[in-house]
Amino acid sequence: MRSETIRDLFIGLIVVAIQVILFRHLKIYGAESDLVLIWLLSLCLRKSRTEMLLYAAFFGLMQDSLTDLWGLHTFSKTLLIFVSYGYLNKISENRFIIWQTFLVILAAALLHNLILAGLSGFVELYSSSAIFWSMVIGGSLYTAVIGSFFYLVRTE
C-alpha cells in the first residue's frame with residue numbers, strides 16, 4: 001500500500017472521528033454539517049473513480065457504525081461519488097473563487113442530503129417533515145459554508 005493511501009485513510013479516520021465527536025453536536029436549528037462529505041469532495045480532485053467509490057463506502061460505513069445509521073451514509077456517499085465524480089474531476093482543473101466553491105459544495109451536499117433524506121423516509125427513520133427540510137436545506141447550507149471556509153484556509 002502506498003504511503004499516500006495510508007495517509008489519506010488516516011486523515012479520513014480522523015475526519016470521521018471529528019464528525020462524530022464534534023460536528024454532530026454543532027447543530028444550527030437541527031442542521032449539522034457533514035465534514036466527511038467535504039473530505040470526500042476534496043479527495044475527488046486527485047483520486048481515481050474506483051478509489052473514490054471505495055473511500056466513500058469505507059468512510060460512510062465508519063460514519064454509519066459510529067452514529068447507528070447502518071447503511072444510510074454508506075449508500076448516499078457512494079451514490080453521490082458515483083454520480084458526480086465525472087463532473088467534479090472535470091472542474092478540478094480550475095482554481096475557483098469562493099462563491100463558485102460554495103455552489104459546487106452546496107450542489108453536492110444537496111444531492112447527498114436528498115439521497116439521505118429519501119432513504120431515511122423509506123425506512124421511516126424520521127417522522128416529521130420539519131426534520132426533512134432541516135436536514136436537506138439547512139444541512140446543505142451549513143456544509144457548504146464549512147467547506148468554503150476550509151477551501152479558504154487550506155494550504156497548497
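Each residue takes its place number in the sequence, starting with 1.
Considering CG of Leu26 and CD1 of Ile21, their distance stands at 12.0 Å, rounded to 0.5 Å. In this structure, Leu72 CG and Gln63 CD are separated by 10.5 Å, a value rounded to the nearest 0.5 Å. To the nearest 0.5 Å, atoms CD1 (Ile11) and CG (Leu43) are separated by 8.5 Å. A distance of 9.5 Å separates CE in Met52 from OG1 in Thr78, rounded to the nearest 0.5 Å. Put simply, OG1 on Thr101 and CG on Leu152 are 8.0 Å apart, with the number rounded to the nearest 0.5 Å. Atom CG of Leu41 and atom CH2 of Trp39 lie 11.5 Å apart (nearest 0.5 Å).
Using a 4.5 Å cut-off on side-chain heavy atoms (C-beta onward), Phe150 and Leu35 make contact. Inter-residue side-chain proximity for Phe102 and Leu141 is flagged as met; some heavy-atom pair is nearer than 4.5 Å. Between Phe23 and Val36, every side-chain heavy-atom pair lies at or beyond the 4.5 Å cut-off. Counting heavy atoms from C-beta on, the side chains of Ser33 and Ile38 come closer than 4.5 Å.
In this structure Tyr55 satisfies the ring pair (Phe, Tyr, Trp, His ring centres under 6.0 Å) test together with Phe59, sequence neighbours excluded.
Hydrophobic cluster membership is shared by Phe58 and Ile6, with clusters built from Ile, Leu, Val, Met, Phe, Trp and Tyr side chains linked at under 4.5 angstrom. Note: the hydrophobic cluster containing Leu54 does not contain Leu79 (ILVMFWY, side chain heavy atoms under 4.5 Å, direct or indirect links).
The side-chain hydrogen bond (donor to acceptor under 3.5 Å, both in side chains) pairs that include a residue from residues 7-26 are Asp8-Arg46, Asp8-Lys47, Gln19-Glu32, where partners are two or more places apart or lie in different chains.
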N/O donor to acceptor pairs below 3.5 angstrom from side-chain atoms of residues 107-119, sequence neighbours left out:
{"residue": "His112", "atom": "NE2", "partner": "Ser76", "partner atom": "OG", "Å": "3.2"}
{"residue": "His112", "atom": "NE2", "partner": "Lys77", "partner atom": "NZ", "Å": "3.0"}
{"residue": "Asn113", "atom": "ND2", "partner": "Ala109", "partner atom": "O", "Å": "3.4"}
{"residue": "Asn113", "atom": "ND2", "partner": "Met135", "partner atom": "O", "Å": "3.3"}
{"residue": "Asn113", "atom": "ND2", "partner": "Ser140", "partner atom": "OG", "Å": "3.0"}

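Summarising the geometry of Gly138 relative to Ala31, their closest heavy-atom pair is C-CB, 3.3 Å, with the distance given to 0.1 Å. The two residues Leu88 and Cys44 come nearest to each other via the heavy atoms CD1-SG, 4.0 Å. Considering every non-hydrogen atom in both Ile98 and Ser148, the closest pair reads CD1-O, 3.4 Å.
Counting only distance, with no hydrogens or angles, the side chain of Thr67 and the backbone of Val20 share no donor-acceptor pair below 3.5 Å.
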